[in-house]
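Down below is the structure, laid out as structure tokens.
Chain letters run A, B, ... following the sequence lines, proteins first, then strands; residues in each count from 1.
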There are 4 protein chains.
Amino acid sequence: MPKDTFYNLPQDKQKRIIEAAIDEFAAHSYHKARVTAVAKNAGISIGSYYQYFEDKKDLFKYIIDQTATKKINYINQDIMRNEEDYSFFEILRETYLSGMKFAKENSRLVAIGNKLLNNKELQQEIWQDQKDKSTDYFKNLLLKGQNNGEIDQEIDVELIARLLTGLHHSLVDIIYKDNKIFPENFANEMEIIDKMLYFIKNGLKKHS
Amino acid sequence: MPKDTFYNLPQDKQKRIIEAAIDEFAAHSYHKARVTAVAKNAGISIGSYYQYFEDKKDLFKYIIDQTATKKINYINQDIMRNEEDYSFFEILRETYLSGMKFAKENSRLVAIGNKLLNNKELQQEIWQDQKDKSTDYFKNLLLKGQNNGEIDQEIDVELIARLLTGLHHSLVDIIYKDNKIFPENFANEMEIIDKMLYFIKNGLKKHS
Amino acid sequence: MPKDTFYNLPQDKQKRIIEAAIDEFAAHSYHKARVTAVAKNAGISIGSYYQYFEDKKDLFKYIIDQTATKKINYINQDIMRNEEDYSFFEILRETYLSGMKFAKENSRLVAIGNKLLNNKELQQEIWQDQKDKSTDYFKNLLLKGQNNGEIDQEIDVELIARLLTGLHHSLVDIIYKDNKIFPENFANEMEIIDKMLYFIKNGLKKHS
Amino acid sequence: MPKDTFYNLPQDKQKRIIEAAIDEFAAHSYHKARVTAVAKNAGISIGSYYQYFEDKKDLFKYIIDQTATKKINYINQDIMRNEEDYSFFEILRETYLSGMKFAKENSRLVAIGNKLLNNKELQQEIWQDQKDKSTDYFKNLLLKGQNNGEIDQEIDVELIARLLTGLHHSLVDIIYKDNKIFPENFANEMEIIDKMLYFIKNGLKKHS
DNA sequence: CATGAATGAGCCTTCATTCAT
DNA sequence: CATGAATGAAGGCTCATTCAT
């Protein structure tokens with residue numbers, strides 16, 4: 001985590017640095033990203049950089065952390081407060097929708113997140129532990145759904161929770177090809193989500 | 001692709017080099033992998049390396065290529081020849097099973113493949129084009145299923161094909177946490193696949 | 001051209017680097033000259049080198065550039081300001097004299113210049129364009145001489161300008177064999193120049 | 001010089017190797033020319049190369065040597081045999097003409113020769129001694145001219161011989177810009193030679 | 001004589017990090 | 001706190017030459 005000197009900085013300077021970092025880490029792999037570029041684009045000297053952050057990893061971790069927090073807030077805000085008023089599939093829909101909206105508005109953060117997601121080596125370098133919070137989130141949702149009688153009792157909650165997480169990633173992948181909305185075949189993102197939910201709800205088997 | 005000098009090498013030497021390369025590329029990101037380490041671990045000089053391969057990329061591409069071929073052969077063998085004798089879900093089951101078996105026996109290759117799969121920057125460095133063949137595979141399967149009357153006509157084939165690809169990746173991820181089989185909660189991989197297929201078939205909605 | 005970091009350096013450090021570079025480029029062909037040797041002899045680290053210059057070529061170009069500027073100033077100073085007071089042959093004599101003086105005091109620069117002058121491949125690597133300014137210089141001189149009535153109207157100005165340039169190179173070659181003054185037969189350089197000018201003025205034909 | 005094994009080779013194989021060498025040395029600077037390229041283009045193995053030649057330098061020296069011999073023969077043939085029948089300026093003209101013809105028909109050899117001519121370091125690497133034969137040639141010519149009464153007694157024969165050599169180089173340079181004939185302003189090479197000879201004969205001074 | 005696999009010193013360049021001012 | 005000059009390990013790659021077959 002950043003040093004105190006960083007937090008003591010005026011807000012706009014902090015922001016400039018973070019923006020530069022996001023640009024750099026989104027554009028290049030972790031190892032190819034250069035702290036000199038971050039410093040330069042943030043308009044600070046490399047000496048200052050090392051007075052704010054321990055090293056390269058420190059900044060990267062901070063960005064990842066900020067992203068996670070930001071994303072969680074994104075979803076919570078709307079629905080979570082009145083969770084009990086909604087059905088499982090409504091909440092799932094809202095969750096995916098929020099995730100998509102987040103991705104749309106924060107494509108650089110998604111790019112960074114994916115980089116970490118698919119680099120075990122880096123993950124170990126960044127954290128030792130770190131449990132997957134997404135899966136827990138979906139797991140809770142499923143359990144409530146089963147209690148409500150909305151969700152098939154046959155399913156394995158742990159497993160399906162992980163699959164729903166995976167589908168969430170697929171969704172973002174599908175909709176954002178190289179930071180551009182996926183246009184072919186679909187009227188809009190909403191249509192994709194609804195088709196995906198239909199699949200999640202009913203499966204592929206032909207209804208007799 | 002490797003130079004002729006590489007193909008002229010005795011089989012066991014070729015193998016030693018490939019093994020060393022797989023080790024290195026599985027253990028580190030592409031940019032962090034060192035050709036000197038490959039050469040050293042293969043027991044060849046750096047000069048020899050460059051007589052076998054154009055450069056670092058050349059070897060990496062070769063590994064990727066070999067992996068793709070190997071994986072395709074894995075699935076085709078058993079069922080694909082008598083495709084018409086099987087139902088959609090049987091083929092899907094075999095596909096996922098093959099994928100898992102492959103991942104189990106080739107965890108390092110899977111690690112390398114994932115690295116490429118989730119690094120657009122690297123993909124463009126390696127190839128210009130490269131279409132996703134997995135999605136096409138699932139798409140064909142789905143279309144046949146619809147013709148057979150096995151698969152719900154309501155679904156969007158293109159979209160679901162991509163989701164099935166995503167689920168395939170999730171499956172591999174779930175079963176192999178850091179190259180170790182996922183033990184908790186499951187008797188064996190077969191159980192995971194069947195539970196996953198149940199979900200794919202029926203969805204999550206409670207059967208009234 | 002060098003980066004700002006180079007120009008910000010104390011004069012004596014700049015000079016040390018330039019001196020080391022001139023030594024290296026004078027002693028070896030461009031491709032054989034080593035930037036590590038320059039850095040070492042200048043007493044800087046290789047890292048510093050690359051903070052001052054883009055690359056190897058950058059420094060070489062800079063040396064060439066400095067040489068050209070320095071040489072032009074050499075000639076201009078004395079006569080060029082009062083050009084109209086002198087005859088063609090007087091100016092020519094001064095030009096050759098200046099060139100010789102320059103070569104005498106800057107034998108390493110001449111060595112470097114010649115290397116470039118006679119290596120088209122290198123020239124294209126260094127610049128794309130680059131016109132020969134020497135020829136233009138002599139051409140102007142000749143045209144004025146013809147207008148004054150000093151110079152034979154029969155000659156082809158363009159051609160002779162190139163020959164005078166060539167003779168200039170020959171002169172430097174003659175006088176400096178391996179950076180040592182050519183001693184045999186001649187009392188001094190002045191004598192050589194005057195004999196050469198006599199030839200240029202009168203040609204070889206016996207005066208009847 | 002090449003080893004006996006080289007001279008024992010069938011003529012056409014020798015020729016293939018020489019051709020490949022000339023191509024390579026003409027296209028690249030001595031240090032950038034690759035013996036592997038020569039071997040490859042000659043259709044021999046690198047192992048064979050080192051059975052024919054001591055090293056890289058050995059081949060280069062041989063090419064230079066062959067070139068010198070070939071060029072000398074070029075000039076001698078026509079005139080030298082009946083030298084006494086011609087005036088100094090006629091012989092000079094023929095010499096320059098031969099030189100040009102040679103350069104025209106052997107542009108690659110000229111390229112190689114120039115490379116050596118302008119790389120003192122390389123010259124020392126190739127030979128220790130090597131006197132300039134061209135200058136001796138012109139010197140003899142001039143002395144005879146003076147004896148005949150054709151040539152001004154005032155001139156310094158040694159110096160002028162060197163200048164005539166330099167002019168010879170200039171001539172080749174002028175006419176062959178990057179192996180292409182210099183077209184602008186001149187009807188043909190003959191015109192250039194005659195204009196140059198006019199200069200050499202009469203000098204630049206306006207005839208009163 | 002022919003072959004070509006093997007070698008490794010050596011080059012240019014990058015970039016995270018330190019430290020004196 | 002800010003600055004940016006200085007550092008040097010490390011990496012990809014080249015190519016003349018050797019040597020075993």
Which part of the nucleic acid, if any, lies within contact of B:Phe6, taking any heavy atom under 4.0 Å across all strands shown: a base, the sugar-phosphate backbone alone, or nothing?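 The residue B:Phe6 makes no contact with any strand.
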Nearest whole angstrom, please: distance from the [atom2] of [N] to the [atom1] of [X].
X: A:Phe25; N: E:dA16; atom1: CZ; atom2: P; result: 9 Å
X: A:Phe60; N: E:dA16; atom1: CZ; atom2: P; result: 14 Å
X: D:Gln51; N: F:dC19; atom1: CD; atom2: C1'; result: 11 Å
X: C:Tyr50; N: E:dA16; atom1: OH; atom2: P; result: 17 Å
X: A:Tyr49; N: E:dC19; atom1: OH; atom2: P; result: 18 Å
X: B:Ile44; N: E:dA5; atom1: CD1; atom2: C1'; result: 11 Å
X: B:Ile46; N: F:dA10; atom1: CD1; atom2: C1'; result: 13 Å
X: A:Lys32; N: E:dC15; atom1: NZ; atom2: P; result: 8 Å

With both distances under 3.5 angstrom, what nucleotide forms a Watson-Crick or G-U wobble pair with F:dA16?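 For F:dA16, the partner nucleotide comes out as E:dT7, under the 3.5 Å rule.
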Base-pairing assignment for F:dC1 (Watson-Crick or G-U wobble, both under 3.5 Å):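 Check on F:dC1: unpaired, no WC or wobble geometry under 3.5 Å.
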Would you kindly compare A:Arg34 and D:Lys13 by the position of their nearest DNA chain E nucleotide and give the one closer to the 5′ end?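 Closest to the 5' end, via its nearest nucleotide, is D:Lys13.
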For C:Asp55 and A:Tyr30, find the nucleotide of DNA chain E closest to each by heavy atoms; which residue's nucleotide sits nearer the 5' end?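 Taking each residue's closest nucleotide, the earlier one in sequence belongs to C:Asp55.
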With a distance cut-off below 6.0 Å to the six-membered ring centre and an angular limit of 45° from the axis, does B:Lys56 pair with B:Phe25 as a cation-pi contact?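 Judged by the rule, B:Lys56 and B:Phe25 form no cation-pi pair.
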Whether B:Phe6 and B:Phe53 hold their rings parallel, tilted or perpendicular, with breakpoints at 30° and 60°: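 B:Phe6 vs B:Phe53 ring planes: tilted.
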Quick one: on DNA chain F, does C:Asp4 or B:Lys56 contact a more 5' nucleotide (nearest heavy atom)?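 Looking at the nearest nucleotide for each, C:Asp4 comes out on the 5' side.
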So, A:Lys61 and A:Glu54, do they make that salt bridge, N to O below 4.0 Å?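 Here A:Lys61 does not pair with A:Glu54 in a salt bridge, since their nearest N and O are not under 4.0 Å apart.
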Could you check whether D:Arg108 pairs with D:Glu19 (Lys NZ or Arg NE/NH1/NH2 to Asp/Glu carboxylate O, under 4.0 Å)?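 So D:Arg108 pairs with D:Glu19 through a salt bridge.
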